[in-house]
There are 2 protein chains.
Amino acid sequence: MAQKNLLKYILLGLITEKPKTGYDLKKEFDTEIGEFWSVKHSQIYLELKRLEKEGEITSDTGFFGNKVEKTYYAITALGKKHLDEWKYSYDTALAVNKDEFVLKLYFIKDRHDERLPSLLKEQLDMRQEKLSHLEGRRTLLFSTPQDIEKQYGHYLILDHAIRRESEYVTWLKEAIDSLKGNEK
Amino acid sequence: MAQKNLLKYILLGLITEKPKTGYDLKKEFDTEIGEFWSVKHSQIYLELKRLEKEGEITSDTGFFGNKVEKTYYAITALGKKHLDEWKYSYDTALAVNKDEFVLKLYFIKDRHDERLPSLLKEQLDMRQEKLSHLEGRRTLLFSTPQDIEKQYGHYLILDHAIRRESEYVTWLKEAIDSLKGNEK
DNA sequence: CCACGCATGTAACAAGTTACATGATTGA
DNA sequence: TCAATCATGTAACTTGTTACATGCGTGG
């Protein structure tokens, strides 16, 4: 996805709350946001330098009570403006949901392929594990209506991730069932 | 997604059935396969040249009864071997489902944001349209059990795409409903 | 003292997009 | 005749991955 540079807006969005280091930002991709975007730390540090050069963020390097030098990045007025423009922009087209597993299935034309059940089963295990993990997070983070109220966007995307994985699990289970007794 | 080069396997998979031109391959991304991978024609032609150089495919250029010169690509034994290895390989990790719309929501912290309903509504319209289109294709392509039997992998991924979009639609509808009467 | 996590970066490369470019055919 | 579709490609660029690199702090 060249050109659109969503990482820019994600980083701006994440430091809006409070200034953060590259490492802080990297860690954010380990939880909810990681369900909908991924990036390597090398790319984050590169992008932060660029954003600073372009005046979207400012940096503050020093030893903040610690022994280790850190660089905190904060959003500027320009950065806020661009973030807002993105947040409220309308998409005209739906992006593609790339999925390697589904593509593999597409090329297994034969319903009676003996390796098909184990491929489905392995994917099911991974998806179920992920689903459990996400449900655990919802319980942890959103146990009261006030929690939901305070972080509504966050709640919505976690809820969406859970539904998405539930759908995946249901689909796989039905596919596995539909093969039972059909093993040629 | 550098390095993994899924396009290679998709192209190999698509020409396994019969030899195809770059243009034929490009068109395949307009239907089901486009739900799970996208690519520009420039990339396809580049990849085809590379695959030929690496002995995965062979090419045949000429005027096949037409006035226009075309190049047909066919898979080699080596290509078949690599395609098979990929088809039956197990994934160890789940790839990230990148989704710009969901990320936007994440950064709209305020449930009472007046621009939130229209953003949700616009997305809902697009997703509903897509869902209708996919359901139309299922009706068209898989009206009988024999159709499903003949192209089982194809059926599975179309079914999955439909369920995925249904989930998206349900999620958006519920989110919109949950905002009703809450407009601060 | 050693492994692991914290913290930051560079370099080489691969993958994918955008724009440019050309020319033929087909149907309205 | 004019637009759309067929058909193929190159060049410049951006995004993202992989690998390499360094050094400190903390807990077992």
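Keep in mind that what you see is a predicted model, and the values were worked out from it rather than measured. Residue numbering restarts at 1 for every chain, and letters A, B, ... go by the order of the sequence lines. Every heavy atom of this structure was used, including side-chain atoms; hydrogens, water molecules and symmetry mates were not.
In this structure, E52(B) places its CD atom 13 Å from P of dT8(D), rounding to the nearest Å. Summarising the geometry, the separation between CG on L46(A) and P on dC13(C) is reported as 16 Å, rounded to the nearest angstrom. Note: CZ (F63(A)) to C1' (dA7(C)) measures 12 Å, nearest angstrom. Atoms NZ (K4(B)) and C1' (dT15(D)) sit 19 Å apart, rounded to a whole Å. Atom pair K8(B):NZ and dA14(C):C1' shows a separation of 14 Å (rounding to whole Å applied). Rounded to whole Å, atom P of dA7(D) lies 7 Å from atom CG of D24(B). The nearest whole Å value for the distance from the CD1 atom in I44(B) to the C1' atom in dA15(C) is 14 Å. One atom, NZ of K70(B), and another, P of dG23(C), lie 20 Å apart when rounded to the nearest Å.
Ion pairing between E56(A) and K8(A) holds under the 4.0 Å rule for side-chain N and carboxylate O. A salt bridge links K180(A) with D177(A): the distance from a Lys NZ or Arg NE/NH1/NH2 to an Asp or Glu carboxylate oxygen falls below 4.0 Å. With respect to the salt-bridge test (charged N to carboxylate O, under 4.0 angstrom), the residues E17(B) and K109(A) do not qualify.
Contacts of K26(A) with the nucleic acid, taken as non-hydrogen atoms under 4.0 Å apart, are absent. Counting any heavy atom pair closer than 4.0 Å across all strands shown, S42(A) reaches a base atom.
Within the structure, a side-chain polar atom (N or O) of Y45(B) is placed less than 4.0 Å from OP1 or OP2 of dT8(D). Taking only side-chain nitrogens and oxygens, K49(B) comes nearer than 4.0 Å to OP1 or OP2 of dG9(D). Between R50(A) and dT14(D) there is no side-chain polar atom (N or O) within less than 4.0 angstrom of OP1 or OP2. Phosphate proximity of dG16(C) to K40(B): absent, as no side-chain N or O sits under 4.0 Å from OP1 or OP2. Contact between the side-chain N/O atoms of T21(B) and the OP1/OP2 oxygens of dT8(D) is found at a separation under 4.0 Å.
The L7(B) side chain lies nearest to dG16(C) when the options are dT10(C), dG16(C), dT8(C). When the nucleotides dT8(D), dT10(C), dT17(C) are ranked by their closest atom to the side chain of Y23(B), dT8(D) comes out on top. For V68(B), counting side-chain heavy atoms from C-beta on, the closest listed nucleotide (dT25(C), dG9(D), dT8(C)) is dT25(C).
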Subject >> Worked verdict on W171(B) versus Q123(B) for side chain to side chain donor-acceptor pair (under 3.5 Å) >> reply: CA-CA 11 Å; W171(B) 172 66; Q123(B) 185 72 202; over 6 Å; no
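Each of S38(A) and E69(B) was matched to the nucleotide of DNA chain D holding its nearest heavy atom; the match closer to the 5' end belongs to E69(B).
Applying side-chain hydrogen bond (donor to acceptor under 3.5 Å, both in side chains) to E32(A) and the options H160(A), H154(A), Q151(A) leaves one that passes, H154(A).
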